[in-house]
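Let me begin by presenting the structure, written as structure tokens, before commenting on it.
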Amino acid sequence: MASGKEIRTKIKSVQNTRKITKAMEMVAASKMRKAQERMRQARPYADKIRQLAANLSQANVADYRHPFVVRKPEGKKIGLILVTSDKGLCGGLNTNIQRIVINAMRQWESEGASEIRVCCIGNKGLGFMTRIGATVVSQATQLGDTPRLETIIGPMKVVIDAFQQEELDTVYLGYNRFVNAMKQEPVLEQLLPVTGEQLGTPDASWDYVYEPTPEAVIDELMLRYVETLVYQALIENMACEQSARMVAMKAASDNAKDVIGELQLVYNKTRQAAITKELAEIVGGAAAV
């Protein structure tokens, strides 16, 4: 059995760890509220640009079809934009989306995919893709707590431009969708080509006056639409990260409290046994005299 001094040292160590996890829980709770607010502020813009894209997809534009909506039959060359967190200590958040992605990659390869190019947004996804030997063509890490669209446009455009140049047939987007503070849903969805299900059905039939040309307006709008989808995925994933970290740190703090209680009980038993032994030795010595 460990000595009383060793047990006291363990109790002190666990107490110090609990202070850290408790502080991280409070910080994550504060960041989660800010991340949720950014997510709510971005949703009106995303909804509006989706509505515009849906209207333009039904408008009569002299038989012009943007490359983003042209479905390619082969589907042998695939692009993937993977959104993860930069830091860990957030439970199984990154592991869940990585498991879905690796299963999908194996399925694509079994179906005859000749090439898979990956854009990693977040350090955890980059490390994972590097370890499994995936072809990482671009990356964006160390985004901070308030990511800006400009920081991810460059890396994502590497994959988007490859699709426009017909080097890729399909592009997928993997991220964690925020449901509530206790639930985050890993999602792998098709980003390009844009499908009718993504755009939705327009509320009414629209006819626009284009300036300078219909092609220029549609090209710019569709690019902004795809960039908005990726940025929305990023801020959703960050809200998930802070929520998962808050839950994980709360569980760690609760577990530390239980461990402290168990160690305190062992310490009390050890101390009582030592006192009983000393009393027995004193009584035995007095009886011998």
Side-chain angles (χ1 to χ4, degrees), residues 17-43 45-46 80-104 118-132 134 136 138-156 159 172-189 191 227-256:
T17 302
R18 185 171 184 268
K19 290 179 182 177
I20 295 173
T21 56
K22 196 68 177 177
M24 292 181 68
E25 176 190 346
M26 296 174 65
V27 171
S30 175
K31 289 183 177 180
M32 180 189 69
R33 287 190 289 270
K34 295 178 182 178
Q36 288 178 346
E37 183 62 27
R38 284 194 298 271
M39 184 176 63
R40 283 191 290 267
Q41 290 175 353
R43 279 177 176 171
Y45 177 81
L80 171 64
I81 300 177
L82 177 60
V83 181
T84 58
S85 66
D86 280 324
K87 301 176 182 178
L89 297 177
C90 49
L93 183 75
N94 294 313
T95 304
N96 293 335
I97 184 61
Q98 288 168 1
R99 184 184 299 112
I100 290 178
V101 166
I102 191 64
N103 290 336
V118 184
C119 166
C120 295
I121 300 177
N123 192 48
K124 291 298 180 179
L126 175 61
F128 173 73
M129 286 297 169
T130 302
R131 285 194 300 272
I132 66 174
V136 179
S138 60
Q139 64 189 52
T141 59
Q142 306 302 325
L143 300 174
D145 297 326
T146 55
R148 301 179 63 85
L149 179 61
E150 301 84 53
T151 59
I152 63 172
I153 283 181
M156 82 168 77
V159 177
Y172 289 88
L173 175 64
Y175 65 101
N176 287 285
R177 178 180 294 154
F178 183 85
V179 179
N180 53 52
M182 300 299 294
K183 182 179 179 181
Q184 301 83 38
E185 179 184 2
V187 176
L188 180 63
E189 60 187 15
L191 180 64
E227 290 175 352
T228 300
L229 289 182
V230 179
Y231 181 70
Q232 185 73 23
L234 174 60
I235 59 179
E236 290 251 1
N237 193 84
M238 287 200 164
C240 292
E241 176 189 355
Q242 299 304 334
S243 301
R245 181 169 292 120
M246 180 188 70
V247 173
M249 291 301 102
K250 185 179 187 306
S253 300
D254 295 341
N255 291 338

I'd like to know if the side chain of Asn237 reaches the main chain of Asn176, judged simply by a donor and an acceptor atom lying under 3.5 Å from each other, with no hydrogens or angles considered. yes
If only side-chain N and O atoms count, and only distance matters, is there a donor-acceptor pair under 3.5 Å linking Thr84 with Asn94? no
Does a side-chain N-to-carboxylate-O contact under 4.0 Å join Glu25 and Arg18? no
Mind listing the closest non-hydrogen atom pair of Leu173 and Val230 along with its distance? CD2-CA, 4.3 Å
Which heavy atom of Gly174 sits nearest to which heavy atom of Leu80, and what is that distance? N-CD1, 4.4 Å
Ionic contact status for Glu241 with Lys124, cut-off 4.0 Å: no
Least distance between heavy atoms, Leu234 atom then Pro147 atom: CD2-CB, 3.7 Å
Can you list the steps and then say if Met129 with Val101 is a side-chain contact (heavy atoms from CB on, under 4.5 Å)? CA-CA 10 Å; Met129 286 297 169; Val101 166; 3.4 Å; yes
Does any part of the side chain of Glu236, heavy atoms only, come nearer than 4.5 Å to the side chain of Val83, both counted from C-beta? no
Evaluate the side-chain proximity of Phe178 to Met238: yes if any heavy-atom separation is below 4.5 Å, no if none is. no
Specify the closest pair of heavy atoms between Met249 and Leu89, including all atoms of both residues, with the distance to one decimal. CE-O, 3.9 Å
When rounded to the nearest 0.5 angstrom, what is the spacing between CG in Asp145 and NZ in Lys31? 4.0 Å
Atom pair CD1/CD of Ile152 and Gln139 - distance to nearest 0.5 Å: 14.5 Å
If you round to the nearest 0.5 Å, how far is CD of Gln184 from CG of Leu93? 6.0 Å
What distance separates Thr21 OG1 from Arg245 CZ, expressed to the nearest 0.5 Å? 13.5 Å
Taking only Lys NZ, Arg NE, NH1 and NH2, and the carboxylate oxygens of Asp or Glu, determine whether Glu37 and Arg40 approach each other closer than 4.0 Å. yes
For Cys240, is there any backbone N or O sitting under 3.5 Å from a side-chain donor or acceptor partner on Arg177? no
For the student: nearest non-hydrogen atoms of Pro155 and Ser138, plus distance: O-OG, 2.7 Å
Rounded distance (nearest 0.5 Å) linking atom CG of Leu126 with atom OG1 of Thr141: 6.5 Å
Please report the closest heavy-atom contact between Ile102 and Phe128, naming both atoms and the distance. CB-CZ, 4.1 Å
Just how far is it from atom CD of Gln232 to atom OH of Tyr45, taken to the nearest 0.5 Å? 11.5 Å
